Enquirer: 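Just passing along the structure, written as structure tokens.
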Amino acid sequence: MFASIENIDQLNDFEVQFLSKKSEIGQISKNLKTCSPEEKREIGQALASFRDEFTEAFAKKKALLETEMLNKRLLEETIDVTQQFPLEKGTLHPISHVQREVERIFTSMGFEIADGPEIESEWHNFDALNIPASHPARDMQDTFWISKKSDTSHENFVLRTQTSDVQIRKMKEHGAPIRLIAPGRVFRNEDVDATHDAVFYQVEGLLIDTNISLAHLKGTIETMLSQLFARETTVRLRPGYFPFVEPGFEVDFSCALCGGQGCKTCKNSGWIEFMGAGMVHPNVLRNCDIDPTKFSGFAFGFGLTRLAMMKYGIDDIRLLSSQKIEFLSQF
Ligand code: DAH
């Protein structure tokens, strides 16, 4: 009797028609109370067995219809797993490009790449670098302070202002000789404009060994810049003050755009201010348990963000953190 039923809706109609209160069976059940006890028993039993049979048959038919429906859907809803969607390919950030290039050049000269935490202890960021709390050099590197007052420590933490902290960590960890660069993000309390941001990238360099002189520093930096700009680049050293080196220098390089002739970029001087450097101060070596009578060496620090801006001619630092696709996809 189910043979002509083709789908669940029809089956449900069929159930209503035969088993609901309004159906003939329903009517018979309703009228049962007017029957004699014998009739009630006889008809009641017949009704019950009809209901049982019907319910069972109904369930079977329902399962069958559902399986059929599912099979039909599976056939209709095929997924082509080999279909390809056009994917937008990302590009490296300009800072990453320059960082990789700088890392490649320094590793080829035997430098290791070192890393340190961005939330740094006051000691690593300042004191160990010969910048005690009272030192005016702290004013130039105002930063974001995190005071940690636990039971065991009253040490303050800062968002590091320079990657020079990594020198300290690595010298303490490995002693001398040591040769590393530490690229990384630093933070300062700055008024943000086209050339200043509160977050930017630096590269610190450190080489400690025996018989190291400023000539090694000059040669290392000239080699790095000549490779980076793919043209012969020279550097000049001017006296400069940084508490963690003695003597300290400001380092300029010959303008890569005009080759030292003078142009807009180098303000017609032929030179571009590049970084701070010097011979590591004996106090710093002692703070890191290295004997300054046995070992010496140089350190330097330059702005990776600035270098990327120079290399690509980016004139607004804010673009670098803007997440503007039209800007970023150029690199
Ligand atoms: N850390 C310095 C800064 O952020 C840069 C610097 C200068 C690093 C001289 C050095 C150095 O290692 O010798 O201004």
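Atoms within a ligand are numbered from 1 in the order they appear, just like the ligands themselves. What you see below is based on every heavy atom in this structure, not just the backbone, and it leaves out hydrogens, waters and symmetry mates. Quick caveat: nothing in here was measured; it's all calculated off a predicted structure.
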Enquirer: Going by side-chain contact (heavy atoms from CB on, under 4.5 Å), name the residues that satisfy it together with K22, two or more places apart in sequence or in a different chain.
Expert: S20
Enquirer: Taking atom CZ of F126 and atom OG1 of T161, what is their separation to the nearest 0.5 Å?
Expert: 4.0 Å
Enquirer: Using a strict cut-off of under 4.0 Å between a residue heavy atom and any atom of ligand 1, list the qualifying protein residues by chain and number.
Expert: Q141, Q162, S164, Q167, R188, Q202, E204, F242, F244, V245, G276, A277, G278, A299, F300, G301
Enquirer: So, are D289 and K172 salt-bridged, with charged N and O less than 4.0 Å apart?
Expert: yes
Enquirer: Parallel, tilted or perpendicular: which describes the rings of F111 and F106, with under 30° parallel and over 60° perpendicular?
Expert: perpendicular
Enquirer: Identify which one of V166, V280, V284, I168 satisfies the side chain to side chain contact (heavy atoms under 4.5 Å, CB included) criterion when paired with L206.
Expert: V280
Enquirer: Would Q162 and Q202 satisfy side-chain hydrogen bond (donor to acceptor under 3.5 Å, both in side chains), going step by step from the backbone distance to the final call?
Expert: CA-CA 7 Å; Q162 48 188 350; Q202 282 189 336; over 6 Å; no
